[in-house]
Amino acid sequence: MRSKDMVSENKRLVEKSIEAFILGLEIYNKPTIKYRVEGFSFFIVNAWELMLKAEMLNRGLSIYYEDNNDRTVSVENAIRKIYSDKNTMVRINLERIIELRNISTHYVTEDYEQKYAPLFQACVLNYVNELRKFHKVDVSNYIAQNFLTITANYEPLDNEQIRLKYSPEVAEKLIQQANTIDVLNETYSSDKFAINIRQNLYITKKKDEADFCVSIEKESDNKVEIVKELKDPSNTHKYSYQSVITVVSARMHKENLRIDYDKGFNSYVLNLFMDFYCIKNEPKYAYKHTIGNQEQYTYSQQLVDFLISEIRKNPTGFVESLKKRKKITPGT
């Protein structure tokens, strides 16, 4: 049976969590606040941290460090305690928003609100559901249901506009963040990771079924063009090094593929693969970005598909074969 002190501490954590949650929503839903993306990320993470620590108390787990009873564990530790499976969508969503919180003091992020808004919306609904499940508390008793829907007010900039507006270093960082979100969103395809609002355009010859008209005639004011080839590496090579690991691991998990390495598909295995196939020398798989004196690679969907296809051939001997064989160039 729980002591009165523990029950009191649990209640206090839940109440503070709800306050942080509502404050985050209030900040985000005020269009005049330019700092709302960063502000929301701070408060929503704090709300989750307090709520999860209250659940740790429910499970009889200490929320304090063993060697320091004056400090409670970090939000990352609390997440790992409650969601031990790293493939849990709620956990993956939270980890992306925590990453945003951690970098928002260094990079301007308001121009990427439309990229983060789907993650924020999923995070809000995840919080409501988990609060009810863990603590039997209904958020609608504190805030009207309609306030749980968030909206993005900023028009998204394309990559060229980002590069014109920001320094090369900041621009590439923003583009890579957006690409990572796109990649993970497509990979996980779960409303617990992101809830998207999108517009799809379809060309029809039936004018009475169309919402608006376009033309491919040179004289037309509403011109459209068919794009035959994407040449911007920010579009063709969207994967960061870490994204490759994350997405390959997720696809392996989905297909129940297990390789001959206890720690699974990680940076060690990826490096073996990239060295073996000289991946960085293959333009279809890797692109080198040079900004000043810094060099950084991003990778294509083709690389991910190539990796998965090679793992499927011999998962139980995959790593060992990379160690034994000589380096080769893909396709030879």
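Because the structure is predicted, anything quoted here is derived from the model rather than measured. These numbers come from the heavy atoms of this one structure, side chains and all, not from hydrogens, waters or symmetry mates.
Rounding to the nearest 0.5 Å places CG of L50 at 13.5 Å from CZ of F21. Once rounded to the nearest 0.5 Å, the distance linking CD1 of I181 with CD of E99 reads 8.5 Å. One distance of note links CG of L125 with CG of D191; it measures 8.5 Å at 0.5 Å rounding. One finds the CD1 atom of I98 at 5.0 Å from the CD atom of E76 (value rounded to the nearest 0.5 Å). Expressed to the nearest 0.5 Å, how far CD of E19 lies from CD of E26 amounts to 10.5 Å.
The number of heavy-atom neighbours closer than 6.0 Å to CG of N146, taken from other residues, nucleotides and ligands shown, is above 12. By the 6.0 Å contact criterion, CZ on R258 is open, its count of non-hydrogen atoms from other residues, nucleotides or ligands being 12 or less.
Side-chain atoms of T72 and K53 form a donor-acceptor pair, as typed in the model, at a separation below 3.5 Å. When only modelled atom types and interatomic distance are considered, N58 and E55 share a side-chain donor-acceptor pair under 3.5 Å. In this model, no donor atom of one side chain and acceptor atom of the other lie less than 3.5 Å apart for E15 and Y142. In this model, a donor atom of one side chain and an acceptor atom of the other lie less than 3.5 Å apart for Y239 and Q301.
Exactly one residue among F276, Y285, Y299 makes a ring pair (Phe, Tyr, Trp, His ring centres under 6.0 Å) with F306. That residue is Y285.
When the side chains of ILVMFWY residues are joined at heavy-atom separations under 4.5 Å, either directly or via intervening members, Y287 and Y297 end up in two distinct hydrophobic clusters.
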Item to check | Verdict with reasoning, W48 to N126, per side chain to side chain contact (heavy atoms under 4.5 Å, CB included) | outcome: CA-CA 10 Å; W48 273 94; N126 289 344; 3.7 Å; yes
